Amino acid sequence: MLRVYNSLTRKIEEFAPLRGNRVKMYVCGPTVYDYAHIGHARTYVSYDVMARYLRNAGYSLFYLMNITDVDDKIIQRAAERGVHPLELAKEFERYFMEDLRDLRIESVNLFARASEHIDEIIDLIKGLLEKGFAYETSTGVYFDTEAFGPYGELSGREPEELSVHRIEPDPTKRRPQDFALWKLRPETELGWDSPWGYGRPGWHIEDTAIIMTYFGPQLDVHGGAIELIFPHHEAERAQAEAASGVAPFSRYWIHTGLLTVEGEKMSKSLGNIISIREVLRRYSAEELRYFYASSHYRSPVEFSWENLEAASRALDGIESVAQEFRSRDVSSEELDDRGRGLLEHLRTGKSRFISALEDDFNTPLALSVLHDSLRFTARYLETNDSVPEEARAEGEAFFALVNSVLGVFSGGLEPSSQLLDEVLSLILNVRERLRSEKRYELADAIRSALDSLGIRVEDTAGGARWRSASRRVVRR
RNA sequence: GCCCGGGUGGCCGAGCGGCUAGGCGGCGGCCUGCAGAGCCGCUUUACAGGGGUUCGAAUCCCCUCCCGGGCUCCA
């Protein structure tokens, strides 16, 4: 039974979708005006793991993500470059999609652009005005936070503290905490006609409109990074529940912790950005995903190249043992005590791995279970040449599960092509010959040349063995 | 200032009333032409500080200190 932390109740709750085993999940997507960084990746990989887990556990998941392509920052950046805002947005949306692909994120069912849901946004605002949750002024349409009782509940704020503000509020608003649903803008700027005049939607309304378009008044999981809980998610919830009269808008509100660098969150304003593509030039997606999985999704995660390197080494050890395990001969003889022990250990390992994930997606604990199982396996391999077929099947199932949820194994665990196998065995045979003739310089040169191709050669007592090490993204 | 999270061994990071977490790094050993990986041993009587509750506290309660985030740009 899956249990998840719900930000709304601040408790771990049993996960039960609104209808049967169907799960509607929405995650706040990017504002596409620049390259995404590894803080964004942390969030998207976290939800990817949750999505993979849910599907693996038998849920029928529909995963929806918005693309914010209407936004002041996009407009500003486009003006600087002398291009149309939607052109600029398209360009960075393309880069974002490339990043997702390179991060092995394929779990999103539908991406929805704000610019393509203006009608729905306008309808939603109309509804809010009719029900008395919004009011019109000379600068736009605003949400009346006082009319919506539970405002502040999600982020745990009292009404009086909500009026505190850093930026001078629009003077036509009734209260500082009221927020824009529609902003009137000059016709020279990007915008659309509306019953209230030419302009653009406010920050929060696109998400609500998109969710309600595809999911109706309720969804199961609403996700995003913790920094969005206020005011963004607070506002989304208010808009939706006010408009539909149905509560809760989202059954579970899930928030990911932020990625920090030297203790501070990664953000443009601090100038401590490392882009996804920059990291993927040096480390594989699998290594980065392992790094993320090694801390809990709600905890802040401190990025450093050293920490990523440590993750890479840990993953390397896992792959090495797994590879060795699968390369051994299979024995179909009756199980002896040790064989039975291995089988049992792998079986309980797999179930403990699942239990860890069921506990609010505790990936660090799940990884420790994996290490534990592999250490046991490695010990077995120290003193046994072959692997009982039952244990082999159990191990394969375990690794397949790990990979389908976490996506941390690179080519090393995929079946390689026959041609590659044959070519490598040819090369390694020649190299063996060189070694037996003590021509080590040439043998070592071959090993290091293969290594730079992503083929790691390891000489063991039983002969040379190779595996494809993590594949870095190579962009032409 | 107010509101949320946190502070666990050299580093990362689970645990959240009793049971060796795990990983990375370092040192020694086995194996080995070298490298790598693995195995064995050590680093390991760690839980910010101070009070309390309890037979028993990293875990519960109170106080203090420190760090991160939010307080209408943000994944």
Side-chain angles (χ1 to χ4, degrees), chain A residues 7 10 27-31 36-47 71-73 76 152 155-158 160-167 169-170 176-180 202-204 223-232 234-235 255-260 263-269 290-291 294-296 298-302 304 306-307 309-321 323-324 356 359 362-372 374-375 377-383 435-436 438-441 443-444 447-448 451 456-461 465 467:
Chain A
S7 301
R10 288 185 199 80
V27 172
C28 283
T31 301
H37 59 66
I38 54 174
H40 302 117
R42 200 276 170 114
T43 294
Y44 298 123
V45 169
S46 296
Y47 289 104
D71 171 89
D72 290 352
K73 284 190 297 283
Q76 193 188 327
S155 54
R157 272 153 229 259
E158 300 299 327
E160 49 284 9
E161 60 190 70
L162 288 168
S163 60
V164 180
H165 51 270
R166 289 191 295 200
I167 295 168
D170 181 284
Q177 61 266 40
D178 290 354
F179 53 87
W203 178 27
H204 318 298
I226 187 67
E227 65 188 349
L228 295 178
I229 195 167
F230 188 87
H232 190 53
E234 192 71 70
H255 291 97
T256 52
L258 299 181
L259 181 134
T260 60
E264 287 178 310
K265 89 166 176 175
M266 178 167 284
S267 73
K268 292 261 159 47
S269 46
Y290 184 97
F291 167 74
S294 66
S295 57
H296 186 89
R298 284 193 281 121
S299 306
V301 58
E302 167 72 11
S304 67
E306 291 71 29
N307 290 352
E309 179 61 24
S312 164
R313 284 169 199 248
L315 178 58
D316 200 52
I318 289 172
E319 289 193 332
S320 176
V321 175
Q323 179 86 346
E324 182 66 29
D359 181 15
N362 193 336
T363 53
L365 186 60
L367 289 178
S368 80
V369 171
L370 179 62
H371 277 285
D372 197 35
L374 284 168
R375 192 171 347 93
T377 304
R379 279 189 197 133
Y380 183 90
L381 297 175
E382 285 283 306
T383 49
R435 290 180 68 216
S436 65
K438 302 210 186 303
R439 294 164 67 182
Y440 295 122
E441 213 172 299
D444 290 352
R447 185 172 61 196
S448 90
D451 190 70
R456 183 158 307 162
V457 175
E458 289 169 2
D459 295 310
T460 68
R465 153 182 117 197
R467 66 197 164 98

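Quick caveat, the model's predicted, so the values are computed rather than measured. In what follows, chains carry the letters A, B, and so on, assigned in the order in which the sequence lines appear, proteins first and then strands, with residues in each chain numbered from 1.
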(message) Treating primed atoms plus P, OP1 and OP2 as sugar-phosphate and everything else as base, which nucleotides of nucleotides 5-10 of chain B get B, S or - for protein heavy atoms under 4.0 Å?
(response) S-----
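Taking atom NZ on A/Lys265 and atom P on B/C67, their separation rounds to 19 Å, with Å as the unit. Straight-line distance from the CD1 atom of A/Ile318 to the C1' atom of B/G38: 14 Å, rounded to whole Å. In this structure, A/Glu306 atom CD and B/C11 atom P are separated by 14 Å, rounded to whole Å. The CD atom of A/Gln177 sits 11 Å away from the P atom of B/U72 (whole-angstrom rounding). Look at CG on A/Asp372: it is 16 Å from C1' on B/G13, rounded to the nearest Å. To the nearest angstrom, P of B/C73 lies 8 Å from NZ of A/Lys73. Going from atom CD of A/Glu302 over to atom C1' of B/C11 covers 11 Å, rounded to whole Å. In this structure, CG of A/Asp71 is placed 8 Å from C1' of B/C73, rounded to the nearest angstrom.
For A/Ala314, taking side-chain heavy atoms from C-beta onward, the closest of the listed nucleotides B/A75, B/G23, B/C39 is B/G23.
The heavy-atom pair separating A/Leu258 from A/Lys265 by the smallest distance is CD1-CD, 3.5 Å. Closest approach of A/Leu259 and A/Ile38 over heavy atoms only: CD1-O, 3.6 Å. Shortest non-hydrogen contact noted between A/Tyr47 and A/Gly224 is OH-N, 2.8 Å. Between A/Arg10 and A/Ser155, the shortest heavy-atom distance links the atoms NH2-C, 3.5 Å. Closest heavy-atom contact between A/Arg42 and A/Gly257: NH1-O, 2.7 Å.
The closest donor-acceptor contact from the side chain of A/Ser320 to the backbone of A/Gly317 lies at 3.5 Å or more, if one exists at all. Not a single donor-acceptor pair under 3.5 Å links the side chain of A/Arg298 to the backbone N or O of A/Ile226.
The residue A/Ser299 sits close only to the backbone: its heavy atoms come under 4.0 Å of sugar-phosphate atoms, none of a base. Residue-level contact check: A/Thr31 touches the backbone only, with heavy atoms under 4.0 Å from sugar-phosphate atoms and none from bases. Residue A/Leu259 is in base contact, counting any heavy-atom pair closer than 4.0 Å across all strands shown. When heavy atoms are screened at a 4.0 angstrom cut-off, A/His296 is found touching the sugar-phosphate backbone but no base atom. Base contact: A/Leu258 has a heavy atom under 4.0 Å from a base atom.
Using C1' as the reference atom, B/C47 and B/C11 are 16 Å apart when rounded to the nearest Å. Between the P atoms of B/G23 and B/C39, the separation comes to 9 Å (whole Å). B/A57 and B/A48 are spaced 16 Å apart, taking the C1' atom of each and rounding to whole Å. The C1' atoms of B/G49 and B/G28 are separated by 37 Å, rounded to the nearest whole Å. For the C1' atom pair drawn from B/G50 and B/G5, the interatomic distance equals 23 Å after rounding to whole Å. Distance noted for atom P between B/G1 and B/U44: 39 Å (whole Å). Annotation: B/U20 and B/G9 have their C1' atoms spaced 14 Å apart (nearest Å). Nucleotides B/C71 and B/A75 place their P atoms 13 Å apart, quoted to the nearest Å.
Ring planes of A/His371 and A/Tyr290: perpendicular class, angle over 60° (limits at 30 and 60°).
Here A/Ser295 does not reach the OP1 or OP2 of B/G23: none of its side-chain N or O atoms lies under 4.0 Å away. Checking the phosphate oxygens (OP1, OP2) of B/G13, no side-chain nitrogen or oxygen of A/Asn307 falls inside 4.0 Å. Listed pair A/His371 / B/G22 fails the phosphate criterion, with no side-chain N or O lying under 4.0 Å from OP1 or OP2.
In this structure, B/C31 makes no Watson-Crick or G-U wobble pair, since no nucleotide meets both defining distances under 3.5 angstrom. In this entry B/C73 has no Watson-Crick or G-U wobble partner, no candidate having both defining distances under 3.5 Å. With a cut-off of 3.5 Å on both pairing distances, the Watson-Crick or G-U wobble partner of B/A48 is B/U64.
Counting only heavy atoms from C-beta outward, the side chains of A/Pro30 and A/His40 never approach each other to under 4.5 Å.
Ring-base stacking between A/Phe230 and B/G70 is not satisfied when judged by a centre separation under 5.5 Å and a plane angle under 30°.
Heavy-atom nearest nucleotides on RNA chain B were determined for A/Leu374 and for A/Pro364, and the one closer to the 5' end corresponds to A/Pro364.
Taking CZ of A/Arg379 as the reference point, atom CD of A/Glu382 lies at 10.0 Å (rounded to 0.5 Å). Separation of atoms NE2 (A/His296) and OG1 (A/Thr256) is listed at 10.5 Å; rounding is to 0.5 Å.
With salt bridges taken as basic N to acidic carboxylate O contacts below 4.0 Å, one links A/Asp372 and A/Arg375.
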Close N or O pairs between protein and nucleotides 34-37 of chain B (under 3.5 Å):
residue	atom	partner	partner atom	Å
B/C34	O2	A/Arg447	NH2	2.6
B/C34	N3	A/Arg447	NH1	2.9
B/C34	N3	A/Arg447	NH2	3.3
B/C34	N4	A/Asp459	OD2	3.0
B/A35	N6	A/Asp459	O	2.7
B/A35	N1	A/Asp459	N	3.0
B/A35	N3	A/Arg447	NH1	3.0
B/G36	O2'	A/Glu458	OE2	3.4
B/G36	N1	A/Asp459	O	3.4
B/A37	O2'	A/Ser320	OG	2.6

